[in-house]
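What follows is one structure encoded as structure tokens, with my remarks underneath.
Computed from a predicted model, the values in this text were never measured in an experiment.
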Amino acid sequence: MSQPLKDRVALVAGATRGAGRGIAVELGAAGATVYVTGRSTRARRSEYDRPETIEDTADLVTEAGGHGIAVPTDHLDPAQVRTLVDRIADEQGCLDVLVNDIWGGEKLFAWDSPVWEHDLDKGLRLLRLAVETHAITSHHALPLLLRRPGGLVVEMTDGTADYNRENYRSSFFYDLAKASVLRMAFSLGHELGPRGATAVALTPGWLRSEMMLDAFEVREDNWRDALERVPHFAISETPRYVGRAVAALAADPDVARWNGASLSSGQLASVYGFTDLDGSRPDAWRYLVEVQDAGKPADTSGYR
């Protein structure tokens with residue numbers, strides 16, 4: 001098996017589950033040493049109170065062919081992030097890929113709730129988890145990433161810049177969080193580009209995360225059973241799909257062409273030629289605009 005990232009070191013911040021776990025595993029499959037962080041460990045769960053842990057993610061990275069290293073980290077605590085980066089520097093001497101996937105806001109926003117009705121404490125907590133954590137992590141990790149040229153920063157968000165510009169995303173706080181991360185990637189592109197590194201914003205499509213599968217009362221092996229109730233779920237993708245997008249970017253010697261851009265898993269699949277685990281190439285954001293938002297019946301023909 002080709003392992004184009006066998007000499008690379010990555011940090012996936014927020015790798016307990018979902019896209020973060022999928023990215024960490026695919027970086028491992030490409031041969032990378034991957035530090036995975038989060039607050040859910042085998043000894044202690046975060047407020048999500050879910051079974052996935054960073055140790056499980058690290059094991060999956062190693063099983064895939066890389067070297068997974070779990071480091072419990074609260075990315076709202078600058079001292080913990082500084083300690084994490086110091087450890088990577090001591091053990092590896094470099095950092096080639098930083099994925100800012102910290103989120104933690106699933107239980108904090110209310111759908112279609114205006115800002116004056118939304119719980120203020122939950123909204124502000126969401127912004128801290130989704131935005132402040134990324135800034136803290138970048139502040140401490142980027143000097144290490146810049147030690148050698150060719151570094152890559154991936155800011156994970158929900159929605160492309162074009163889609164989010166035209167569409168209200170669930171609530172004031174959710175919308176603001178996702179727009180902020182898109183802008184972070186744009187700003188980091190300006191700061192990193194002249195210094196030999198690249199920053200991008202990346203969104204998966206409709207993600208079949210562990211939490212999404214639970215919400216639809218299905219598993220990965222029978223996810224299509226949910227289509228009777230939610231027909232447009234047919235365009236969904238596994239977390240490994242966006243993971244392959246990150247691995248492709250990290251292995252691209254010309255990755256700087258994307259600096260500051262807003263990208264999606266489906267878009268990059270058409271460029272780099274990777275597929276989801278089932279061999280398909282779902283293009284969720286084009287589907288959302290042309291089929292779901294247009295009020296057409298669910299039909300993924302031409303979109304996966």
Open item on the list: Quick check: do Y241 and E26 have side-chain heavy atoms less than 4.5 Å from each other?
Closed with: no
Open item on the list: Distance check, rounded to the nearest 0.5 Å: I102 atom CD1 versus I136 atom CD1?
Closed with: 8.5 Å
TODO: Would you check if there is a donor-acceptor pair between the side chains of T238 and D276 at a distance under 3.5 Å?
DONE: yes
Task: Main-chain N/O of E191 paired to R195 side chain as donor or acceptor, under 3.5 Å - done: yes
Task: D59-T62 side chain donor-acceptor pair, cut-off 3.5 Å - done: no
Task: Closest approach of A269 to R281 (non-hydrogen atoms, all atoms of both residues) - done: O-NE, 3.6 Å
Task: Note, L152 side chain near V255 side chain (heavy atom, < 4.5 Å) - done: yes
Task: Within-4.5 Å side-chain heavy-atom neighbours: L84 and T37 - done: yes
- [ ] Please report the shortest heavy-atom distance between N100 and S138, naming the atom on each side.
- [x] ND2-OG, 3.1 Å
Open item on the list: Which Ile, Leu, Val, Met, Phe, Trp or Tyr residues join L182 in one cluster when any pair of side-chain heavy atoms under 4.5 Å counts as a link?
Closed with: none
TODO: Answer yes or no: is there a side-chain heavy-atom contact under 4.5 Å between P78 and H140?
DONE: yes
Open item on the list: Test of understanding: with salt bridge (charged side-chain N to carboxylate O under 4.0 Å, His left out), list the residues that count as partners of D158, not counting sequence neighbours.
Closed with: R169
Task: Flag for S264-T160: side-chain donor and acceptor within less than 3.5 Å - done: no
Task: Validation row: D175, N164 side chains within 4.5 angstrom (heavy atoms) - done: no
Task: More than 12 heavy atoms from other groups under 6.0 Å of CZ on R257 - done: yes
TODO: Please round to the nearest 0.5 Å and tell me the distance separating atom CG of L124 and atom CD of E132.
DONE: 11.0 Å
Task: Over all atoms of both residues, closest heavy-atom pair of T137 and A13 - done: CG2-CB, 4.4 Å
Open item on the list: For E237, is there an ion pair with R208 - N to carboxylate O distance below 4.0 angstrom?
Closed with: no
Open item on the list: Are P51 and R45 packed together at the side-chain level, in the sense that at least one heavy-atom pair is separated by less than 4.5 angstrom?
Closed with: yes
Open item on the list: Which Ile, Leu, Val, Met, Phe, Trp or Tyr residues join L207 in one cluster when any pair of side-chain heavy atoms under 4.5 Å counts as a link?
Closed with: none
- [ ] Keeping the roles fixed (side chain from T57, backbone from T16), state whether a donor-acceptor pair exists under 3.5 Å.
- [x] yes
Open item on the list: Between the side chains of D214 and R50, is the shortest nitrogen-to-carboxylate-oxygen separation below 4.0 Å, so that they form an ion pair?
Closed with: yes
TODO: For the residue pair V36 and V71, establish whether any side-chain heavy-atom pair is separated by less than 4.5 Å.
DONE: no
Task: Closest approach of L145 to L98 (non-hydrogen atoms, all atoms of both residues) - done: CD1-N, 3.9 Å
Task: Note: R286-D283 ion pair, threshold 4.0 Å (strictly below) - done: yes
Open item on the list: Tell me if the centroids of the rings in F233 and W206 come within less than 6.0 Å of each other.
Closed with: yes
Open item on the list: Taking the basic N atoms (NZ, or NE/NH1/NH2) and the acidic carboxylate oxygens, is any pair closer than 4.0 Å for D225 and R219?
Closed with: no
Task: Sidechain N-carboxylate O distance under 4.0 Å for E47, R125 - done: yes
TODO: Would you check if the distance from the ring center of F109 to the ring center of H118 is below 6.0 Å?
DONE: no
Open item on the list: Any non-hydrogen side-chain atom of Y287 less than 4.5 Å from a side-chain atom of T300?
Closed with: yes
